[in-house]
Structures are given as structure tokens and as C-alpha cells.
Amino acid sequence: MPWYQKAWNWIKDYFTSNWTHIIIFFCVLIFGIILIKIILSLINRALKKSTRVNKTARHFFIGVLKAVLYIIYIIALLSLLGIPTTSMIALLSAFALAISLALQDTISNLASGVVLIFTKPFSEGDYIELSDGAAGTVTRITMFNTRLLTPSNQVVIIPNKTAVDCNVTNYSMENLRRLDVPLSVAYGTDVEKVKEVGLAVAHAHEKVLKDPAPMTRLDKHGASSLDFILRVWVQRTDYWDVYFDLREQVVAAFNENGIEIPFNQLDVHVKEDVTVKELSQAAAQVKEKTDQPVDNGKKKKQ
């Protein structure tokens, strides 16, 4: 009997003797995925209604639960096919050990993701800056990485381990932020006048908070200027609007009050060299001789 005939007979006998298991297998195959999606959807809705679970923790928990449900789903399918699940679980355990040794960084990122969820150094929607230089708005915290959106609309993907190990500056955690605007004026400018004009600009801006009160003080003596600091407090959402407004309005106020904004200055002292002076005198003498009228050698007759 040809081999393909033997294969066909085996398949026919298998389906004839196990048709109930096959129907159950396909039912589980089809409805299992649908059931998993329904479970995830219901849990996601329940977590949305909970005030104790924020958006970041919800996404992370749904991601982990999805992975666990699909693993259970695959084991159930294998058991319906008659494959011993006990040996399969032991095989998966050995495989998981080998994978864990090979993917230490990935597992570390997973553990760091759990740390980020429970310690909450930042959440989705926060603007953060890491000590390695990465900065942006947190758009998603997944099982293995954190995604940032930079102000120039670039996506930065950071491993969770890096986010845990680095120093994180969270600009969105507090509602108030301090804004320092540097002011530079020429030497000889009245200090009190500069302070008065700077405070007037700050008080005139509607988004600058009255408490804490704005402040203007002389910060340092620069190489070409007196450097002041205009310090104000603003709401976190108004930071950049006030930042640019004050810089523009200070320049206009200085122009109106005759306060000079200096350029970099450099004093050059020239020391006269004696040799150069002598050469200059010699060149002048040569020039005088050259300018005298030339004698043509003819003498008048007596």
C-alpha cells in the first residue's frame, strides 16, 4: 500500500474515532479567543470605573493578564489534542528557565515595569526628563518599555530598567512651577530701576501668580553686563506661555525706559614697540627724500 494511502487511512480513522474531541477543539479554538477578549474588555471597564487604579496601572495589568490567559488557552488546546499537559508544563518550565537565562534584560524590564506601576514615579501624561538626557511626555508604560513623545513629535522608547535606574525629573507632579527669566543690562545702569521695571512686567502678566510674589534681584556681575534674575511662579500648564511672554515684554519695557541691553565688549590695549617706532621714522625720512624735486644736471650759464 502506498504511503499516502496509509496516511489517509490514519487521518480517516483518527477523525472517526475522535470526532467529538475535534469538534470541541474547534469550538475552543474559535470561542476561546472571543472569550478572552470579552474577559479583558470587562476587566478593563471595571478598572476604568475604579478610582484607585490609574490609567498606567490599568494598561499594565491588562497586558499581563492577556499574556496569562493566552498561555492557559494554548495549554487547553494541547490537552484537547491528547498531548499530555503534565509533560508539557514540565517542558515549558525548563524552556522558561532557559529563556530567563538568555533574556535576563527582558525579564529585568518586566520586573522594572512592576516597580514603576507600584512606586508611580510618573504616570501617563506626565512630562519627565531622565538623567541620561531623554525627555518627553509619557504616552504609554508597557510590560517591557516606556514610551515618550518629545516636543518635536518624536517617539522615544526607553526600557523600563533604564527608567528605574535613572534619576527622573517629573515636571508634571506638582501644579506650581517656578520660572526664572535672566535679565542683562549694561554697567552703570540704575539697579533699582531695573528691579522696578522687571517687577512691573511680572505684575502686569495675568498668568503670573501673586503668591508667591514675583522677585527681581541682581544675580551676578558678568564680563560685559549686570545680570539680574526675574523669578515668578506660575501654574504648570501656563509655564511656556509665561516663559516666552516675559522675555518679549522685558525687552519692550527696557527700550521704553532707556535701559541698555549690552553687547559683549572687549578692551584692547596696544603697547607701542620701540623698534616699530624707529622703522616708522626711517620710512618717513625715505619718503621725504623721494618727494624732493629731481636735479636734471644742467646748470645755468654765467
Side-chain angles (χ1 to χ4, degrees), residues 55-56 121-141 146-158 163 166-268:
K55 184 179 179 182
T56 304
F122 51 82
S123 301
E124 293 181 9
D126 290 351
Y127 185 88
I128 65 172
E129 182 178 359
L130 304 182
S131 57
D132 64 354
T137 302
V138 181
T139 58
R140 193 74 178 269
I141 301 176
T146 299
R147 298 187 180 186
L148 304 181
L149 183 64
T150 66
S152 57
N153 205 33
Q154 297 172 326
V155 177
V156 180
I157 300 176
I158 302 171
C166 286
N167 295 329
V168 180
T169 303
N170 191 334
Y171 293 96
S172 302
M173 188 168 288
E174 300 294 336
N175 291 326
L176 299 185
R177 286 192 62 182
R178 194 186 76 187
L179 171 60
D180 292 346
V181 180
L183 310 176
S184 297
V185 300
Y187 274 99
T189 306
D190 186 359
V191 173
E192 294 301 324
K193 185 177 181 181
V194 175
K195 293 166 62 176
E196 180 182 348
V197 172
L199 287 177
V201 171
H203 286 297
H205 201 289
E206 60 180 5
K207 293 183 179 179
V208 173
L209 299 179
K210 307 303 180 184
D211 185 21
M215 180 194 72
T216 305
R217 298 299 298 270
L218 178 61
D219 183 39
K220 61 182 179 180
H221 299 82
S224 305
S225 62
L226 295 175
D227 298 329
F228 290 77
I229 288 291
L230 173 58
R231 179 167 294 169
V232 300
W233 288 85
V234 296
Q235 293 288 338
R236 172 173 52 86
T237 55
D238 298 331
Y239 181 87
W240 290 111
D241 290 338
V242 179
Y243 175 86
F244 292 112
D245 288 347
L246 290 185
R247 287 176 176 266
E248 296 172 356
Q249 293 169 8
V250 162
V251 173
F254 279 2
N255 291 334
E256 291 177 0
N257 290 272
I259 298 177
E260 180 182 356
I261 300 176
F263 297 96
N264 289 333
Q265 299 178 2
L266 178 64
D267 292 336
V268 179

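These numbers come from a predicted model, not from an experiment.
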Going by distance alone, is a donor N or O of one side chain under 3.5 Å from an acceptor N or O of the other, for His221 and Asp227?
no
Could you check if a side-chain atom of Arg140 sits within less than 4.5 angstrom of a side-chain atom of Glu124, using non-hydrogen atoms only? yes
Please check: side-chain N/O of Tyr171 versus main-chain N/O of Arg236, any donor-acceptor pairing under 3.5 Å? no
The reported gap from OG1 in Thr189 to CD in Glu260 (rounded to nearest 0.5 angstrom) is 6.5 Å
- Item | Criterion side-chain contact (heavy atoms from CB on, under 4.5 Å) on His203 and Lys210, from CA distance to verdict | CA-CA 8 Å; His203 286 297; Lys210 307 303 180 184; 4.1 Å; yes
Value for CD1 (Ile229) from NZ (Lys220), rounded to nearest 0.5 Å, stands at 8.5 Å
task: Assess whether side-chain contact (heavy atoms from CB on, under 4.5 Å) is satisfied between Lys207 and Gln235, documenting all intermediate values.
output: CA-CA 8 Å; Lys207 293 183 179 179; Gln235 293 288 338; over 6 Å; no
Residue pair Ile128, Val138: steps toward the side-chain contact (heavy atoms from CB on, under 4.5 Å) verdict:
CA-CA 7 Å; Ile128 65 172; Val138 181; 3.8 Å; yes
Below 4.5 Å, heavy atoms only, C-beta onward: do Tyr239 and Asp241 meet side chain to side chain?
no
Next on the checklist: So Asp180 and Arg178, do their side chains get closer than 4.5 Å, heavy atoms only?
Outcome noted: yes
Exercise for review: Answer yes or no: is there a donor N or O on one side and an acceptor on the other, between the side chain of Asn170 and the main chain of Pro121, under 3.5 Å?
Suggested key: yes
Would you find more than 12 non-hydrogen atoms of other residues, nucleotides or ligands less than 6.0 Å from Arg147 atom CZ?
-> no
Heavy-atom nearest pair, Gly198 first then Leu230, reads O-CD1, 3.7 Å
Across all chains, not counting sequence neighbours, the side chain to side chain donor-acceptor pair (under 3.5 Å) partners of Thr150 are Ser152
Note to self: Less than 4.5 Å apart, side chain to side chain, heavy atoms only: is that true for Val242 and His205?
What the structure shows: yes
- Message: Counting C-beta onward and ignoring hydrogens, is there a side-chain heavy-atom pair between Phe228 and Asp219 closer than 4.5 Å?
- Response: no
Value for CZ (Arg177) from OG1 (Thr237), rounded to nearest 0.5 Å, stands at 11.0 Å
*So, are Asp245 and Arg247 salt-bridged, with charged N and O less than 4.0 Å apart?*
no
message: Please check this pair: side chain of Asp238 against backbone of Val234, looking for a donor-acceptor N/O pair closer than 3.5 Å.
response: no
- Task: Check whether any side-chain heavy atom of Leu183 lies under 4.5 Å from a side-chain heavy atom of Val250, and answer yes or no.
- Result: yes
One should read off an interatomic distance between Ile261 CD1 and Ser225 OG, to the nearest 0.5 angstrom, of 10.5 Å
Margin query: Using side-chain heavy atoms (C-beta onward) and a distance below 4.5 Å, is Thr139 in contact with Leu148?
Written below: no
On a heavy-atom basis, the closest approach of Val194 and Thr216 is O-CG2, 4.5 Å
dist Phe122:CZ -> Leu130:CG (nearest 0.5 Å) comes out at 7.0 Å
- Query: Does any non-hydrogen side-chain atom of Val208 lie less than 4.5 Å from one of Pro214?
  - Reply: yes
So does Val251 get a backbone contact from the side chain of Asn255, meaning a donor-acceptor N/O pair under 3.5 Å?
yes
Shortest non-hydrogen pair, Ala135 vs Tyr127, comes out as CB-OH, 3.9 Å
**Asked** Could you walk me through whether Ile259 and Lys193 pass the side-chain contact (heavy atoms from CB on, under 4.5 Å) check?
**Response** CA-CA 9 Å; Ile259 298 177; Lys193 185 177 181 181; 4.3 Å; yes
Of all heavy-atom pairs linking Pro212 and Trp233, the shortest is CB-CD1, 3.5 Å
**Item:** Any donor-acceptor pair under 3.5 Å from Ser172 side chain to Asp126 backbone
**Value:** no
In this structure, CD of Gln249 is separated from CZ of Phe254 (nearest 0.5 Å) by 12.5 Å
Practice problem: Could you tell me whether the side chain of Asp132 and the main chain of Ala134 form a donor-acceptor pair under 3.5 Å? | Solution: yes
